[in-house]
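For ligands, and for the atoms within them, numbers begin at 1 and follow the listed sequence. Just so you know, residue 1 is the first one in the sequence shown, and it goes up from there. Only a predicted model underlies this, so the values are computations on that prediction, with no experimental measurement involved.
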Amino acid sequence: MVTSIGATALSNSNFNLSPYQLSSDGQDIVVIGAGVFGVWAAYHLQKSGAEVTLVDAYGPGNARASSGGESRILRSDYGDRLMYSRMNIRSFDLWTKYQEEWNASFMYPSGRLTFYDSDAEPRLKKVQSSLKELGVVSEILKGKEIQYRWPQVNASGIDLAVYYAGGVGGSSLMAREACRVVSEQFEKIGGKLIIGRVQAIPKKGSYDVSMENGEKLVADKYIFACGPWMGKVFPEIFAERLNVYRRDVFFIGTPAGDNRFSHPQLPIFSFNNKENSRYYGMPDLRGLGVKFAPWPDLNSIDMDFDDRMNHPIEVNRLRNFLSQRFPELVNQPIVGGKVCQLTMNEDSHFIIDHHPDDSKIWFACSGSGHAFKHGPALGEYISNRILNNTSLPEYDEAFRLKKV
Ligand SMILES: Cc1cc2nc3c(=O)[nH]c(=O)nc-3n(C[C@H](O)[C@H](O)[C@H](O)COP(=O)(O)OP(=O)(O)OC[C@H]3O[C@@H](n4cnc5c(N)ncnc54)[C@H](O)[C@@H]3O)c2cc1C
């Protein structure tokens, strides 16, 4: 069966998989994990005519998953890694297209403001001009203008910032909601969703893939998109390759009747200047509170069994930071907290490749703290690669399962 997802009119981002003539050859595919990698891969594969079953231990965008946070940032600036800028541009078009098509609202044009030390200017100008060639426009701001435009943030001592006015340069995505919506749409086009844990038991150079109760999952291909759990499912492959780090996230309540910290008054913000504690965050969206997350933050976590209580040390660190940069929020309550985890590998590239000994088993993982925004384009890439053997050499090489 050959179908087209009819997306060829979307932007010319050079993340180019056109023409979208996808052939499933009637394949049965099981996708394990309904985080952002899994739901979008399942959706695109099903749309291409494959018979797809999506299985998740706790459900799409669940509270333990890395995709289970309230919100995630979409941005194009990736320094000299323009392959991700191009993929983000493609994703932005797809988020926009599907949001309209499904009458959903999981994306906000927040804008994005990043603070730097003055010596970063030559590097920022380089990034600015390479992104301009891709159609992504930014402003480099200096001195008093920064404080003038965003008086609700204390920018004292900061002389340099970059601002993207929403769209592909800086938007907010409602993360767990988007996973739920994509999964629902996947079911609407005939996909099957199962809640349960899957195991892959090595057997004579291959694997027996089954539910935890032993029920076999028989398919032509399996795509394991288990995010931070990959080291538990395939310890022989991923224990050495992936590191999983705990991340505390806070939501601070805005003062009553005060919308200066809410969308669209406050953009996404990130302090990349050399301070003791670095934070990034997002404006209050839908009354959830202003999001703050420390960066970097490298503690370990067990996804299945650890309590997800915010650490008192992190609360103190955040209050110190607020007193410096958001003095009007320092006495506001924490109205929400989350403990999530990043899955990192050495080069921060995603891993999309088949098992070295068994070409039926595919891996789609290693979000490395930046995969959410790329979900729709990743789903498209995975679907094309697996069904059609399509090659995008730069991406295939970057996403290769590399030796450790
Ligand atoms: C605090 C934080 C902030 C972030 N900010 C951003 C951002 O601003 N922008 C951005 O683009 N990215 C961001 N990221 C990264 C992004 O969220 C992740 O890269 C992405 O969500 C990873 O998705 P995933 O599908 O690989 O994993 P997950 O979302 O964790 O999904 C894996 C799924 O697999 C299931 N599973 C695991 N084992 C099994 C099994 N044996 N059987 C069945 N199911 C199983 C789990 O239940 C889970 O649902 C952030 C991450 C964190 C933690």
Side-chain angles (χ1 to χ4, degrees), residues 30-42 53-76 78 84 87-88 91-92 95 110 112 170-173 175-176 178-180 182-183 193-201 209-212 217 222-234 238 242 244-250 268 270 280-282 291-297 301 303-304 308 337-345 348 350-352 363-379 382:
V30 177
V31 178
I32 301 102
V36 79
F37 277 89
V39 289
W40 280 108
T53 302
L54 175 62
V55 194
D56 196 288
Y58 304 108
N62 67 77
R64 290 171 167 103
S66 296
S67 308
E70 296 290 348
S71 52
R72 295 287 183 261
I73 300 165
L74 182 145
R75 64 178 162 91
S76 287
Y78 266 93
Y84 287 105
M87 192 158 78
N88 177 62
S91 254
F92 175 78
W95 283 113
S110 306
R112 181 163 165 263
S171 291
S172 303
L173 292 163
R176 67 187 173 87
C179 288
R180 186 185 55 76
V182 181
S183 162
L193 174 68
I194 298 177
I195 305 299
R197 187 156 23 205
V198 173
Q199 54 191 6
I201 299 172
V209 180
S210 63
M211 303 300 294
E212 228 171 16
L217 289 165
Y222 304 88
I223 304 172
F224 283 84
C226 301
W229 284 265
M230 289 301 274
K232 288 194 176 196
V233 185
F234 294 97
F238 288 107
L242 299 180
V244 177
Y245 297 118
R246 179 194 146 100
R247 171 69 62 86
D248 282 76
V249 176
F250 295 94
I268 295 162
S270 171
Y280 73 90
M282 303 176 76
K291 176 173 168 176
F292 289 91
W295 175 85
D297 189 12
I301 184 168
M303 287 76 67
D304 295 293
R308 292 180 183 247
K338 234 180 135 50
V339 172
C340 203
Q341 64 279 313
L342 305 173
T343 309
M344 309 296 293
N345 71 35
S348 312
F350 309 143
I351 297 175
I352 299 171
F363 306 127
C365 60
S366 188
S368 299
H370 68 107
F372 199 90
K373 65 182 82 55
H374 299 292
L378 279 170
I382 293 166

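The shortest separation from a heavy atom of Pro60 to ligand 1 is not under 4.0 Å, leaving the residue out of contact.
At least one N/O-N/O distance between Ile73 and ligand 1 falls below 3.5 Å. Of the polar atoms of Arg247, none of the N or O atoms is found under 3.5 Å from an N or O of ligand 1, judged by distance alone. Checked by distance only, ligand 1 and Arg197 stay at 3.5 Å or farther apart across all their nitrogen or oxygen atoms. Polar contact with ligand 1: present for Val36 (N/O pair, distance under 3.5 Å). Geometrically, ligand 1 and Lys291 share no nitrogen or oxygen pair separated by less than 3.5 Å. Between Phe372 and ligand 1, a contact under 3.5 Å exists for at least one N or O pair. The shortest N or O to N or O distance between Trp229 and ligand 1 is not below 3.5 Å.
Around atom 32 (C) of ligand 1, the closest heavy atom drawn from Ala65, Gly69, Ala225 belongs to Ala225. Nearest to atom 21 (O) of ligand 1 by heavy atom, out of Gly38, Ala200, Ser67, is Ser67. When the heavy-atom distances from atom 51 (C) of ligand 1 to Ile351, Asn62, Leu342 are ranked, the shortest goes to Leu342.
Of the protein's heavy atoms, Gly227 CA, 3.4 Å lies nearest to atom 27 (O) of ligand 1. Distance from atom 24 (P) of ligand 1 to its nearest protein heavy atom, with residue and atom name: Phe37 CD1, 3.6 Å. Distance from atom 44 (N) of ligand 1 to its nearest protein heavy atom, with residue and atom name: Ala57 N, 3.0 Å. Protein heavy atom closest to atom 15 (C) of ligand 1, with residue, atom name and distance, is Gly369 C, 3.4 Å. The nearest protein atom to atom 50 (C) of ligand 1, hydrogens excluded, is given as Arg72 NE, 3.3 Å; this is a heavy-atom distance. Regarding atom 47 (O) of ligand 1, its nearest protein heavy-atom neighbour is Asp56 OD1, 2.7 Å. The protein heavy atom nearest to atom 28 (P) of ligand 1 is Ser66 N, 3.6 Å. Nearest to atom 31 (O) of ligand 1 among the protein's heavy atoms is Gly35 CA, 3.4 Å.
Contacts between Val249 and ligand 1, counted as non-hydrogen atom pairs separated by less than 4.0 Å, involve the side chain only. Residue Val198 touches ligand 1 through backbone and side chain together, judged by heavy-atom distances below 4.0 Å. Proximity of Val233 to ligand 1, defined as any heavy-atom pair under 4.0 Å, is confined to the side chain (atoms from C-beta onward). Within the 4.0 Å heavy-atom criterion, neither part of Tyr245 lies near ligand 1. Under 4.0 angstrom from ligand 1, the non-hydrogen atoms of Gln341 all belong to its backbone.
Note on ring orientation: taking the six-membered ring where Trp is involved, the planes of Trp229 and Tyr58 are tilted (angle from 30° to 60°). Relative orientation of the Phe234 and Phe363 rings is perpendicular, given thresholds of 30° and 60° on the angle between their planes. Taking the six-membered ring where tryptophan is involved, the planes of Phe350 and Tyr84 are perpendicular, since the angle between them exceeds 60° and thus also 30°.
The two residues Phe224 and Ala200 have their closest heavy-atom pair at CZ-CB, 4.0 Å. The minimum heavy-atom distance linking Cys340 with Arg308 is given by the pair CA-NH1, 4.0 Å.
Applying the side chain to side chain donor-acceptor pair (under 3.5 Å) test to Ser76 and every residue at least two apart in sequence or in another chain returns Asn88. Residues forming a side chain to side chain donor-acceptor pair (under 3.5 Å) with Asn345 (at least two apart in sequence, or on another chain): Ser366.
A donor-acceptor pair under 3.5 Å is formed between the side chain of Ser67 and the backbone N or O of Val36. Proximity of a side-chain donor or acceptor of Ser270 to a complementary backbone N or O of Tyr280 within less than 3.5 Å is not detected. With hydrogens and angles ignored, the 3.5 Å screen pairs no side-chain donor or acceptor of Ser172 with any backbone N or O of Ser110.
The distance from the CD1 atom of Ile32 to the SG atom of Cys365 is 12.0 Å, given to the nearest 0.5 Å. The CD1 atom of Ile194 sits 11.5 Å away from the CG atom of Asp56 when rounded to the nearest 0.5 Å.
Taking 4.5 Å as the limit, some side-chain heavy atom of Arg112 sits within range of a side-chain heavy atom of Ile73.
Close approach of ligand 1 to Cys340 (heavy-atom distance below 4.0 Å) involves ligand atoms 53 (C).
Environment of CZ in Arg246: crowded, with over 12 heavy atoms of neighbouring residues, nucleotides or ligands closer than 6.0 Å.
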